[in-house]
Amino acid sequence: MNPEIRILDDEDTRLAEAWATLSPQLEALGPQAVLAWATKQFPEGLVLASSFGAEDMVLIDMLTRVTDHPVVFYLDTGLLFPETYTLIRQVEARYPLRLVRVAPALSIEEQGERLGPALWSRNPDQCCAIRKVEPLQRYLADKRAWITGIRRDQTPFRKNAPVVGFDERHGLVKINPLAPWSQKDVFRYLVKNQVPYNPLHDHGYPSIGCVPCTRPVNPGDDPRAGRWAGQEKTECGLHL
């Protein structure tokens with residue numbers, strides 16, 4: 001751990017000035033050093049959010065290299081691809097971590113009974129709010145910091161994402177170790193370290209979410225073009 005990268009006190013973690021200084025220092029050290037710092041800054045209450053996409057697999061592999069039995073959680077919408085569920089089982093078998101399944105308050109059947117069938121096709125924002133946003137807010141309520149796999153080149157909204165900063169919406173610190181990385185950087189790491197990843201990535205799915213709202217994209221298309229195709233929606237609401 002670089003001795004120049006200081007550990008903030010609880011008051012500092014809410015100050016924008018502290019992050020404005022610390023974030024670029026951490027970014028210069030690289031993602032694994034960011035994760036090592038995070039485990040020291042937050043020995044309790046630190047969690048990694050995973051959708052088991054390529055970026056999250058990099059972070060799972062890195063995090064288990066710098067700490068014992070980290071907490072990794074995922075939002076099980078009930079609509080994930082079979083390949084995603086298979087990868088979850090592979091992760092549990094390979095890595096020493098505590099995997100937490102976070103589920104919506106409503107099952108798919110209950111949602112259909114209350115709001116009609118296939119809500120994702122009629123009102124995807126409401127569906128994401130029920131199946132992703134509310135469960136995330138509920139789970140993070142008592143946490144101190146969360147790690148995500150967002151990268152700056154994924155969407156215009158994410159282009160200024162800091163490596164670390166205070167997440168005012170959820171009232172905790174948000175850590176984005178891969179913010180400066182490219183998709184090539186991600187897959188270079190996966191191949192070099194023989195990290196398992198979702199096979200859908202090899203079949204035109206750069207971004208993988210729920211089955212009804214994800215399709216493959218053509219070569220050269222925006223990587224997020226396969227999410228909520230035909231609509232202006234590009235974010236599920238977790239990172240807004």
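- Tracing side-chain contacts under 4.5 Å through hydrophobic residues (I, L, V, M, F, W, Y), one never reaches Leu115 starting from Leu79; they form parts of separate clusters.
- Taking each heavy atom of Ala161 and Arg152 in turn, the nearest pair found is O-NE, 2.7 Å.
- Nearest heavy atoms, His201 versus Pro206: CE1-O, 3.5 Å.
- Taking CG from Leu178 and OG1 from Thr148, the interatomic distance works out to 8.5 Å, rounded to the nearest 0.5 Å.
- Side-chain contact between Gln25 and Thr21 is present, with at least one heavy-atom pair separated by less than 4.5 Å.
- Summarising the hydrophobic clusters (Ile, Leu, Val, Met, Phe, Trp, Tyr; side-chain heavy atoms under 4.5 Å, direct or chained), the residues clustered with Phe81 are Leu200, Tyr205, Ile208, Val211.
- Side-chain contact between Asn176 and Val164 is absent, with no heavy atoms from C-beta onward closer than 4.5 Å.
- For the residue pair Asp167/His170, the side-chain donor-acceptor check at 3.5 Å is satisfied.
- One finds the CG atom of Leu63 at 10.5 Å from the CG atom of Asp68 (value rounded to the nearest 0.5 Å).
- The two residues Arg94 and Asp61 come nearest to each other via the heavy atoms NH2-OD1, 4.2 Å.
- With a 4.5 Å cut-off on side-chain heavy atoms, Val217 and Arg215 count as touching.
- When the options Leu29, Val34, Leu22 are evaluated for a side-chain contact (heavy atoms from CB on, under 4.5 Å) with Val163, the one that passes is Val34.
- No donor-acceptor pair under 3.5 Å is formed between the side chain of Ser50 and the backbone N or O of Asp56.
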- Item | Test side-chain contact (heavy atoms from CB on, under 4.5 Å) applied to Asn198 and Glu83, step by step | CA-CA 6 Å; Asn198 197 317; Glu83 291 86 348; 3.4 Å; yes

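- Side-chain contact, Gln111 with Arg131: a donor N or O sits under 3.5 Å from an acceptor N or O.
- Two residues are said to be in side-chain contact when any heavy atoms from C-beta on lie closer than 4.5 Å; Phe166 and Lys174 fail this criterion.
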- Any chance you could lay out the side-chain contact (heavy atoms from CB on, under 4.5 Å) test for Val72 and Val47, step after step, and finish with the verdict? CA-CA 6 Å; Val72 178; Val47 295; over 6 Å; no

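- Under the 4.5 Å side-chain heavy-atom criterion for grouping Ile, Leu, Val, Met, Phe, Trp and Tyr, Val100 is connected to Leu140 within one hydrophobic cluster.
- Contact check for Leu46 versus Pro70: no side-chain heavy atoms found under the 4.5 Å cut-off.
- A salt bridge does not link Arg114 to Glu110: none of the charged nitrogens lies less than 4.0 Å from a carboxylate oxygen.
- With contacts defined as side-chain heavy-atom distances shorter than 4.5 Å, the pair Thr67/Leu35 does not qualify.
- The backbone N or O of Trp19 sits nowhere less than 3.5 Å from a side-chain atom of Ser23 that would complete a donor-acceptor pair.
- Counting heavy atoms from C-beta outward, Thr84 and Tyr74 have side chains that stay 4.5 Å or more apart.
- Checked against ring-ring contact (aromatic ring centres under 6.0 Å, His included), Phe73 has the following partners two or more places apart in sequence or in another chain: Tyr139.
- For Asp153 and Ser182, the side-chain atoms include no donor-acceptor pair closer than 3.5 Å.
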- Leu48/Trp146 under side-chain contact (heavy atoms from CB on, under 4.5 Å): CA gap, chis, key distance, verdict: CA-CA 6 Å; Leu48 167 60; Trp146 66 311; over 6 Å; no

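- Of all the heavy atoms in Ile108 and Thr77, the pair that sits closest is CD1-O, 3.7 Å.
- At least one donor-acceptor pair under 3.5 Å links the side chain of Thr39 to the backbone N or O of Ala36.
- The heavy-atom pair separating Trp120 from Cys213 by the smallest distance is CB-SG, 3.8 Å.
- Atoms CD and CD1, from Gln41 and Ile7 in turn, are 4.5 Å apart once rounded to the nearest 0.5 Å.
- Annotation for Arg138: atom CZ counts as buried by contact number, over 12 foreign heavy atoms lying within 6.0 Å.
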- Message: Assess the residue pair Ile130 and Leu119 against the criterion (side-chain contact (heavy atoms from CB on, under 4.5 Å)); give the C-alpha distance rounded to whole Å, side-chain angles, the decisive distance to 0.1 Å, and a yes or no.
- Response: CA-CA 10 Å; Ile130 293 170; Leu119 179 63; 4.1 Å; yes

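- To the nearest 0.5 angstrom, Trp181 atom CH2 is 12.5 Å from Glu27 atom CD.
- Once rounded to the nearest 0.5 Å, the distance linking CE of Met62 with CD1 of Ile147 reads 11.5 Å.
- Note on Leu80: it does not cluster hydrophobically with Leu106, by side-chain heavy-atom contacts below 4.5 Å among ILVMFWY residues.
- In this structure, the separation between CD on Gln154 and CD1 on Ile150 is 7.0 Å, given to the nearest 0.5 Å.
- Across all their heavy atoms, Pro135 and Leu75 have their closest contact at CB-CD2, 4.2 Å.
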- Message: What verdict does the salt bridge (Lys or Arg N to Asp or Glu O under 4.0 Å) test give for Arg151 and Glu55, after you've listed the backbone C-alpha separation in whole Å, the side-chain angles of each residue and the deciding distance to 0.1 Å?
- Response: CA-CA 9 Å; Arg151 295 186 289 106; Glu55 292 81 7; 2.9 Å; yes

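- A side-chain donor from one of Tyr85 and Asp76 sits under 3.5 Å from a side-chain acceptor of the other.
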- Query: Step by step, would you call Phe187 with Tyr197 a ring-ring contact (aromatic ring centres under 6.0 Å, His included)?
  - Reply: CA-CA 9 Å; Phe187 279 90; Tyr197 63 87; 5.6 Å; yes

